[in-house]
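Data first, discussion second: the structure below is written as structure tokens.
As the structure lists them, so they are numbered: ligands from 1, and atoms in each ligand from 1. All heavy atoms count here, side chains included; hydrogens, waters and symmetry mates do not. These numbers were taken from a predicted model, which means no experiment stands behind them.
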Amino acid sequence: MQVNGTAHTTIAYDPQQQCVRIIDQTLLPHRFEIIPLQSLHEFCAAISDMQVRGAPLIGITAAYGLALSLHHDASAANEQAATEQLLATRPTAVNLRWAITRVQNAIKGLAEPERAAAALQEAEAMRLEDSATCEAIGEHGLSMLQTLDHSRPINILTHCNAGWLATVDWGTALAPIYKAHQAGLDIHIWVDETRPRNQGASLTAWELQQQGIPHTVIADNTGGHLMQQGMVDLCLVGSDRTTASGDVCNKIGTYLKALAASDNHIPFYVALPASTIDWEIDDGLRDIPIEQRSAKEVTHITGINQHGELHEVQLVANSPACNYAFDVTPARLVSGLITEHGIYQADKISLQGLKRQR
Ligand code: MRU
């Protein structure tokens, strides 16, 4: 996507410096900085500190992390150790496990001197595929948006950031929005701020503003009121892990939006690549590990001060706080799953059809 007129993706391998370059998302929207990652420690920290985030991008970053770690030491013992460290960074997004498994399969049976190059080649292939996958999600989502009444602006509510920053390019939930904008549909996006990390206010709003798409940032609790007032036509969110029967795990607060959408008869769609489906589990509430992050993300907030410097402010004085990063929306509240292969019902039978498509 374009940033100030220049095309960027969120992650790229630099063969000269033998490093991976990422956008440091903790600095957005205030500063656009590209930083290098080289050591396994840097890759793990970038994922756990959320310099990169969003399920698909976490997966691709981990794939590169494993590949570059094998470049330093291609032994099976190092592969095992690096895999364990990468898997421990963030527990919820299944794309992390999916991406690492793909790299491991690509190097299985190879002689040691060949392993690092093959791993890197697989990471590169996944990066390119991710972009094409998300664009296909955008096309399928656009077809769905075109069935809505577009004689007036279509109001879409989104939660967190499932835009190009969360993937390599295009995004998942925002891909149909970018396609719709390009196709000339009149759209307006309600952007949930998405406390505590504010990915909506900091990242989604920044993305939409860069692409010139009309949008309004709202406090997280506003969506229900807007829905009751007929001001939302559709909810469109991403997912970090969706079960084989269609339960959707996504950023904390997604479930409440789905409940409000259901109560107001508003379609609630989830956009995701097939790599976000965990085919090994059915029951999202029971089986998806929900990441708990530092309470400090709830008690403190970061912005910029009048000198343009990043500045942390304390909101909560002495009370304990807790920070569940994701929740699970049961399949019954989901109107459809927009994937790169088409739109599927959030149920086991329909998803079996998707499984056969892959
Ligand atoms: O904690 P984050 O910022 O990694 O959470 C991101 C989300 O919840 C996204 O909605 C999800 O990863 C889908 S991104 C295409």
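Looking at residues two or more places apart in sequence or on another chain, you find no salt bridge (charged side-chain N to carboxylate O under 4.0 Å, His left out) involving Asp247. Every residue meeting the side-chain hydrogen bond (donor to acceptor under 3.5 Å, both in side chains) condition with Ser151, not counting sequence neighbours, appears here in chain and number order: Asp149. Residues that satisfy the side-chain hydrogen bond (donor to acceptor under 3.5 Å, both in side chains) test with Thr276, not counting sequence neighbours, are Asn95.
Classified by interplanar angle (parallel below 30°, tilted 30° to 60°, perpendicular above 60°), the ring pair Phe32/Trp206 is parallel.
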Which pairs of nitrogen or oxygen atoms, taken one from ligand 1 and one from the protein, are under 3.5 angstrom apart?
from: ligand 1; atom 1: 1 (O); to: Arg90; atom 2: NH1; distance (Å): 3.4
from: ligand 1; atom 1: 1 (O); to: Arg90; atom 2: NH2; distance (Å): 2.8
from: ligand 1; atom 1: 1 (O); to: Lys251; atom 2: NZ; distance (Å): 2.7
from: ligand 1; atom 1: 3 (O); to: Arg53; atom 2: NE; distance (Å): 2.9
from: ligand 1; atom 1: 3 (O); to: Arg53; atom 2: NH2; distance (Å): 3.2
from: ligand 1; atom 1: 3 (O); to: Gln199; atom 2: NE2; distance (Å): 2.8
from: ligand 1; atom 1: 4 (O); to: Gly54; atom 2: N; distance (Å): 2.9
from: ligand 1; atom 1: 4 (O); to: Arg90; atom 2: NH1; distance (Å): 2.8
from: ligand 1; atom 1: 8 (O); to: Asp240; atom 2: OD1; distance (Å): 2.8
from: ligand 1; atom 1: 8 (O); to: Asn250; atom 2: OD1; distance (Å): 3.1
from: ligand 1; atom 1: 8 (O); to: Lys251; atom 2: N; distance (Å): 3.4
from: ligand 1; atom 1: 10 (O); to: Asn250; atom 2: OD1; distance (Å): 2.6
from: ligand 1; atom 1: 12 (O); to: Ala55; atom 2: N; distance (Å): 2.9
from: ligand 1; atom 1: 12 (O); to: Asp240; atom 2: OD1; distance (Å): 3.3
from: ligand 1; atom 1: 12 (O); to: Asp240; atom 2: OD2; distance (Å): 2.8

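For the 3.5 Å distance criterion, the side chains of Thr194 and Asn161 fail to qualify, holding no donor opposite an acceptor.
For CD1 of Ile349, the number of neighbouring non-hydrogen atoms (other residues, nucleotides, ligands) closer than 6.0 Å is 12 at most.
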